[in-house]
Amino acid sequence: MTGFSPDEPSAEVRVSPNFGPRRETLRPDMIVLHYTGMATGAAAEAWLCNPASEVSSHYLVHEDGRIIQMVRECDRAWHAGASSWFGRRDINSCSVGIEIVNPGHSLGYSAFPKRQVEAVIGLCLGIIERHSITAQRVLAHSDIAPGRKIDPGEKFPWNALFAAGVGHLVPAAPVRRGAVLKAGDTGAEVEALQSMLALYGYGVEISGVFDRQTEIVVEAFQRHFRPRLVDGVADGSTSSTLQSLLTSLRSVASK
């Protein structure tokens, strides 16, 4: 493919050869947000369009707000890798991937500029409208690949997106001293926590044992929904925020 008309009117087109047909669905029903984790946006853009990389994304959003579309939304970009949500593992086939230029944790993780965030919001609103994507299916790479990925990270302003009508969020419960669930704990409370995480979509085994995988998933949840403290410990704030998210979903479903 040498070119195409962008799905997002404000986007520039730079075609990546790294794509294929969607395998399990004709239309995406999820947005996955990433950071590039590279030193510059130019390097990230070049890498996503390099056939040797075998990775791509539908969009790249530069720090100055410029939007580059590399893969058509009707096609399957290679951005999610090994991942899952609600038990589904081929996330590439049901999602639109957006790479956001940021050096990431290993190269001096920085705040996301206002112009960039505004561009991400506008892009997401367009994708949501085109594909009728529900709020709770605007996700972080870390949500669908806990432990393997931590982007776009705890500095990403999910609250700004939510205020503009993108994504699902509730006010995070305050962090206070009190009872916690942590690695090594067992019993009904751990099982209830795992069940709530699974109900929201996270890939966690409901075993009643607070194992390493549970800790990793709790960290992923905190990074998105309670970023003030990301430690993998299910304190009262973490559990209350998770309960509020599920209650919010039930309230929307009952209307």
Side-chain angles (χ1 to χ4, degrees), residues 29-34 80 83-89 91 95 124 133-255:
D29 63 6
M30 179 188 299
I31 296 172
V32 179
L33 301 182
H34 311 249
S83 52
S84 70
W85 194 252
F86 276 115
R88 185 168 196 162
R89 299 196 174 275
I91 299 300
S95 64
C124 285
I133 293 172
T134 57
Q136 67 272 22
R137 291 181 73 83
V138 180
L139 298 166
H141 200 187
S142 54
D143 291 319
I144 63 169
R148 190 176 69 83
K149 294 293 181 179
I150 58 174
D151 58 308
E154 61 280 358
K155 291 183 180 180
F156 188 71
W158 291 102
N159 55 341
L161 271 68
F162 180 69
V166 176
H168 184 217
L169 208 65
V170 296
V175 177
R176 297 193 178 103
R177 295 190 177 208
V180 300
L181 295 173
K182 60 187 185 306
D185 288 344
T186 61
E189 290 184 339
V190 175
E191 185 174 341
L193 172 71
Q194 293 168 330
S195 297
M196 288 192 295
L197 288 165
L199 277 172
Y200 199 76
Y202 287 95
V204 60
E205 182 182 357
I206 303 171
S207 64
V209 177
F210 203 118
D211 55 10
R212 177 56 182 154
Q213 181 59 24
T214 302
E215 184 178 34
I216 286 170
V217 170
V218 169
E219 287 177 359
F221 174 82
Q222 291 170 334
R223 191 165 277 115
H224 185 160
F225 297 104
R226 209 285 308 272
R228 180 178 173 185
L229 178 62
V230 180
D231 60 2
V233 174
D235 57 2
S237 170
T238 301
S239 297
S240 294
T241 303
L242 176 55
Q243 289 172 341
S244 294
L245 279 167
L246 291 170
T247 299
S248 173
L249 284 183
R250 288 193 293 267
S251 176
V252 170
S254 66
K255 291 181 180 179

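- In terms of heavy-atom proximity, Val218 sits nearest to Ala234 at CG1-N, 4.2 Å.
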Step-by-step side chain to side chain contact (heavy atoms under 4.5 Å, CB included) determination, Leu161 to Leu33 | CA-CA 12 Å; Leu161 271 68; Leu33 301 182; 3.9 Å; yes
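- No side-chain heavy atom of Val230 sits less than 4.5 Å from a side-chain heavy atom of Ile150.
- Although no hydrogens or angles enter the test, the distance criterion places a donor-acceptor pair under 3.5 Å between the side chain of Gln194 and the main chain of Val209.
- Distance check: Ser95 OG to Leu139 CG gives 9.5 Å after rounding to the nearest 0.5 Å.
- With values rounded to the nearest 0.5 angstrom, Leu242 atom CG is found 8.5 Å from Leu199 atom CG.
- Taking all atoms of both residues into account, the shortest heavy-atom contact from Trp158 to Pro152 is CZ2-CG, 4.1 Å.
- Contact annotation: the side chain of Leu229 never approaches that of Gln222 to less than 4.5 Å [non-hydrogen atoms, C-beta and beyond].
- Under the 3.5 Å distance criterion, the side-chain polar atoms of Thr186 are left unmatched by any main-chain donor or acceptor of Gly208.
- If you take CG on Leu169 and NE2 on His224, they are separated by 6.0 Å, rounding to the nearest 0.5 Å.
- Atoms OG1 and CG, on Thr238 and Leu181 in that order, are 10.0 Å from each other to the nearest 0.5 Å.
- Using a 4.5 Å heavy-atom cutoff, the side chains of Pro146 and Val204 are not in contact.
- Residues Ala173 and Thr241 come closest through the heavy atom pair N-OG1, 3.0 Å.
- Distance CG/Asp211 to CG/Asp185: 11.5 Å, rounded to 0.5 Å.
- Taking every heavy atom of both residues into account, Ser239 and Leu193 meet most closely at OG-CD1, 4.3 Å.
- For the residue pair Asp231 and Arg226, the shortest heavy atom distance occurs at OD1-NH2, 4.2 Å.
- Taking each heavy atom of Phe86 and Arg137 in turn, the nearest pair found is CD1-NH1, 4.0 Å.
- Residue Ser84 holds its OG atom at 6.5 Å from CD1 of Ile91, rounded to the nearest 0.5 Å.
- In this structure a side-chain-to-backbone donor-acceptor pair under 3.5 Å is present from Ser244 to Ser240.
- Phe221 is listed as a side-chain neighbour of Leu245, based on a closest heavy-atom distance under 4.5 Å.
- The number of heavy-atom neighbours closer than 6.0 Å to CZ of Arg176, taken from other residues, nucleotides and ligands shown, is 12 or below.
- Ring pair Tyr200/Trp85 is perpendicular by interplanar angle, where above 60° counts as perpendicular and below 30° as parallel.
- Within a 6.0 Å sphere centred on CZ of Arg148, other residues, nucleotides and ligands contribute more than 12 heavy atoms.
- For Gln213, the CD atom is densely surrounded, since the number of other residues' heavy atoms within 6.0 Å is greater than 12.
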